[in-house]
Amino acid sequence: MASLAISVEGLSKRYELGHLQHDTLRDQLAHKGRSLIAALRGRAHAKSTTEEFWALQDVSFSVEKGEVLGVIGRNGAGKSTLLKILSRITEPTHGTIRVRGRVASLLEVGTGFHPELTGRDNIFLNGALLGMRREEIRRKFDAIVSFAEVEQFLDTPVKRYSSGMYVRLAFAVAAHLEPDILIVDEVLAVGDAGFQQKCLGKMNEVADSGRTILFVSHNINAIRSLTTRCVYLKRGTMEFVGPTAESIDLYTKNLRADRASTSGQHASILRAALVDVSGMETPTFPGGDFAFLKLLVETDGHPLASVEATLTDLAGTTLGLYSPGHFAEWRLPAAAGVYELSLKLRMPRLATGNYGFDLSTTIHGFGSDHYLSDALVFGSESRVNHPGQWELRKEYNVGHFIMDEGVPVATLVDQSPSPCP
Amino acid sequence: MNEAPEVVISAGRSEAHYWRDLWRYRELLGFLAWRDVKVRYKQAVLGASWALIQPLVQTLLLTFVFGTLAKMPNGSVPYPLLVLAGILPWQLFSSAFSGAGGSLVSNSNLISKVYFPRLIVPLSALAVALVDMSVPLVLTIPCAAFYGIFPTWRLAVLPVFIVGALLIALGAGLWITALTVKYRDFRFISPFILQIGIFVTPVGYRTDNLPHWRAILSLNPLTGMIQGFRWCILGGNTEISAIGLAISSIVGIVLVATGLWYFRHTERRFADII
């Protein structure tokens with residue numbers, strides 16, 4: 001069909017885990033040597049130790065011209081691999097993709113930015129990397145600069161840029177590429193709220209002008225507002241492809257199911273609750289009040305096991321981390337058993353909305369052992385003490401935290417200011 | 001809207017558009033070279049004059065070692081000039097070779113994030129080496145004039161030898177850079193090759209007075225290029241041996257052909273293993 005922008009058929013990608021590390025020549029020679037000796041002794045040598053890993057298996061879908069397709073799935077589901085194959089960075093092992101039109105991929109903002117070069121230089125370099133011609137960059141230069149809002153810093157090396165400026169400039173170059181197909185991976189996770197809105201707006205504009213967008217994100221809200229259809233990947237296979245609402249429902253349902261069935265290798269969280277000072281589980285916790293985080297944890301006595309709680313806004317943004325392992329060298333008791341942990345927390349003053357705790361057991365220095373996303377969900381309410389009873393909602397882009405630091409103190413400095421000349 | 005080109009991505013298919021893409025991305029080659037030249041001497045107080053200091057110091061050193069201490073024959077060419085005309089192609093080769101050899105790993109962030117024909121990266125290292133050589137090359141002419149040697153029509157042939165030295169560097173560099181992606185050991189091999197190379201290549205001495213070694217030395221493809229440089233710059237007091245040149249060319253061509261073959265052969269896995 002002529003209206004298809006991308007068609008993917010039976011796509012698979014295999015990685016050989018042994019080759020993912022940087023082999024040294026010595027390893028290879030030692031391996032060859034051992035096989036040779038084994039062969040001389042007439043013994044069958046154990047097969048090579050490389051493990052296979054299928055990052056993608058038999059994925060098929062198609063994207064129509066002008067469509068905005070979301071790609072969702074947990075970490076390691078194969079989303080990034082899919083995008084890398086579509087952007088021709090790596091080759092598939094099996095399967096075929098037909099792509100009609102110029103593809104630009106934003107797998108990481110600022111790819112190829114050189115810190116020593118000025119903003120002006122980097123626009124040209126980055127543009128060329130993304131496949132723009134010199135003439136084209138020159139034509140769009142002013143638009144890029146004004147979109148990024150970096151006019152004053154054009155001749156400053158980008159190493160002196162703030163991270164916000166850096167991201168703005170990088171996105172601006174890519175956004176002006178005018179590709180037929182734009183592939184975006186998590187760029188919106190960076191930058192301030194205002195700029196995120198601007199990026200979303202630009203992406204909508206790109207979509208409205210009949211271009212095709214493939215959008216990968218953990219941010220369910222962004223997926224919901226931008227895309228019409230989604231591909232849901234689960235452990236390298238395609239779990240679902242269809243309307244966004246259904247995909248997200250299935251995805252969140254599966255996340256919950258996964259949570260119930262998993263356990264850690266050394267330490268597992270059996271039960272978790274967030275209760276108020278009287279021991280009651282309540283749906284909302286006013287900021288500033290005390291609460292207790294209660295965990296029932298089973299451990300095999302690993303000496304480095306600990307627990308962590310990550311505060312999130314349920315849309316994928318991490319707000320804070322509670323880690324007694326990192327911050328206080330605290331460990332679970334080294335004797336195997338089931339323990340009840342109780343932690344007294346002063347709840348942060350958060351804008352009205354729903355928040356969650358990701359809970360995990362960790363093995364210090366090795367990472368998480370048993371990870372439960374959004375294990376606890378609670379609401380927070382903040383009202384301004386004002387006759388209008390405004391709600392400070394984060395949807396109005398005031399952010400998550402209520403900065404309630406009292407009122408300013410005014411001190412008189414000069415009683416009779418001189419009139420302006 | 002239907003005239004948009006259709007690209008087919010499947011296993012082993014990257015070959016199909018390769019050379020067309022290489023041409024399409026030619027501007028990127030220029031940009032990468034320009035980036036490296038521009039960044040090279042940033043925050044260095046002496047800036048680009050380092051491009052002059054290096055060959056100058058090397059010339060003095062080799063003149064002292066081979067000319068003054070070892071009293072090698074100069075064949076009626078002032079010894080510093082003889083060395084300078086050898087240093088130029090050697091520097092060109094060594095900076096192109098080490099640049100190309102390390103190019104993929106030092107640009108690994110690009111390799112794993114954006115698509116472009118990977119050959120662009122080592123090729124841009126050649127361009128950087130060429131830019132680096134241009135200043136000392138231009139200054140060689142007045143230096144020669146100072147000793148009473150003036151440029152002749154032979155100077156017009158010089159580009160042939162420049163391209164020759166670059167191609168040899170490319171062939172060797174392609175091997176090293178593609179191997180380094182998988183085996184980081186090769187990072188240690190290229191400085192080693194260069195350290196030995198400056199002595200087994202007639203940079204600080206001339207071969208026409210070393211009849212016993214001449215045959216062996218001409219197996220080194222750079223020997224022909226260095227003789228060529230001297231023949232072009234120093235005029236009548238040097239000679240160029242046809243057999244040596246032929247051997248140099250053959251070894252050079254084999255190096256480039258096999259280097260290209262190995263690079264293309266391993267290229268599709270670069271992003272996975274870099």
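Just so we're clear, the structure is a prediction, and the values are computed from it rather than from any experiment. The figures here come from the full heavy-atom set of this structure, side chains too, leaving out hydrogens, waters and symmetry mates. Labels below follow one simple rule: chain letters A, B, ... track the order of the sequence lines, proteins then strands, and each chain is numbered from 1.
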*Which residue out of B/Y25, B/F270, B/F116 racks up the most heavy-atom pairs below 4.5 Å with chain A?*
B/Y25

Could you tell me which portion of [X] (side chain, backbone, both or neither) has an atom closer than 4.5 angstrom to a non-hydrogen atom of chain A?
X: B/I111; result: backbone
X: B/D21; result: side chain
X: B/R26; result: side chain

Minimum-distance pair of heavy atoms, taken over all atoms of [X] and [Y]:
X: A/L117; Y: B/R35; answer: CD1-CG, 3.7 Å
X: A/I85; Y: B/I9; answer: O-CD1, 3.6 Å
X: A/S87; Y: B/Y115; answer: O-CB, 3.1 Å

*Quick one: which of A/T96, A/T90, A/N122, A/D121 has the most heavy-atom pairs under 4.5 Å with chain B, could you say?*
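The candidate making the most pairs under 4.5 Å is A/D121.
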
*Carefully, step by step, assess A/I97 and B/V8 under the rule side chain to side chain contact (heavy atoms under 4.5 Å, CB included).*
CA-CA 6 Å; A/I97 301 177; B/V8 179; over 6 Å; no

*Given that the side chain runs from C-beta out, which part of A/T93 has a heavy atom under 4.5 Å from chain B: side chain, backbone, both or neither?*
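For A/T93, the contact with chain B is made by the backbone alone.
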
*asked:* So for A/L83, is it side chain, backbone, both, or neither that comes closer than 4.5 Å to the heavy atoms of chain B?
replied: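 A/L83 has no heavy atom closer than 4.5 Å to chain B.
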
*Measure the CG-CG distance between B/L28 and A/L129 for me, rounded to the nearest 0.5 Å.*
5.0 Å

*With chain B as the partner chain, list the residues of residues 132-142 of chain A whose heavy atoms fall under 4.5 Å from it, by residue number, and write 'none' if nothing qualifies.*
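So the qualifying residues are A/M132, A/R133, A/R134.
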
